[in-house]
Amino acid sequence: MNRRDFLVTGTAAVSWGCLAGGKVFGQVAAPTPATPPPLRVQFTPLRRGVGIFTARGGTIGWLANADALVVVDTQFADAATRFLQEWPEREGRLIDAVINTHHHGDHTGGNATMRPFARQLVAHEAVPALQLAAAARNPNAPAPTVAEALFAESWKMDAGDETVSARYFGPAHTGGDIVVHCERANVVHLGDLVFNRTYPVTDRAGGCRVRSWIQVLETIATTYSADTLFVLGHGKPAFGVTGTTADVLVMRDFLTAVVEQVEADLRDGKSKAEIVTRQNFDQFPDFRVEQNSRLPINLGVVYDELTNAT
Ligand SMILES: [Zn+2]
């Protein structure tokens, strides 16, 4: 085998591994299948000009009023195209800001599609490097389109008769998760800080730190008001992708249970291989799945965090 043949073969093997390997698949944004299934798109108004769009990938949030348009997250290129074409309130206008809640491909994969129709692309300052690093680990990934309007702690803009603000509370689901607040509507997009009754993606290479994530959720639960409506990146269909502080606290309780389980297993002298065998937690029946559980990955990431593994 000459060098060129080796490279071609090696790339093909890596490609197939990314598509076929369940654990790899669960850790990073899903690669676009060769023939994606038909999209089922849905625009759902929430309140005061704020709504959500669901098709494929992390929930898109939108704000539309007489003077401004704002979009939170971009799913994938095909979904973003449908969003731009079918958003009733857009009426051909430029979008004042497209905001990425974090770097994962199912939230940023439509950036290139939306960028020509947006005045600015906003994200936490850690996000571009995380996008580029994730792309470098996945040879199938297209070159990412990264935000240029970056911030470290907080960001705010006037958007017609609405104020849109964003805050960074620390490492959590990734190293660059922000929370986006439409203040007068009092709707907060949490990105992937809450998976609503599904085992979360825990991407240690992307900066996930579970103990800090628990603290971030504690802060969110006390920062916003009882009337706040939260938009959630993903959710089991029966529970949906909007919620309240109670749903934020379920996520906190789940992550706390994962940490406590691994701590107990470490005290019992269990190995990582023994720790990552659980498929479900009996105390969280709403999360239960019969196959492709991400709980073993969650346990493994917490093991690595508690033992300072790479
Ligand atoms: Zn994510």
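Just so you know, these numbers come straight off a predicted model, no measurement behind them. First listed ligand is number 1; within each ligand, the first listed atom is number 1.
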task: Tell me, please, whether Phe76 has Arg56 positioned over its six-membered ring: NZ or CZ under 6.0 Å from the ring centre and within 45 degrees of its axis?
output: yes
task: Sort by chain and number the protein N/O/S atoms found under 2.8 Å from the Zn ion (ligand 1).
output: His102 NE2, His104 ND1, His173 NE2, Asp192 OD2
task: May I ask you to decide whether Glu305 forms a salt bridge with Arg209, counting only side-chain N to carboxylate O separations under 4.0 Å?
output: no
- prompt: Is there a side-chain contact between Ile99 and Val70 (heavy atoms, below 4.5 Å)?
  reply: yes
message: Does the plane of the ring in Phe287 sit parallel, tilted or perpendicular to the ring in Phe284? Use 30° and 60° as the thresholds.
response: perpendicular
- request: Return the orientation label for the His104 and His173 ring planes: parallel under 30°, perpendicular over 60°, tilted otherwise.
  value: perpendicular
query: Looking only at atom types and distance, does a side-chain atom of Asp247 sit under 3.5 Å from a main-chain N or O of Thr244, one as donor and one as acceptor?
result: yes
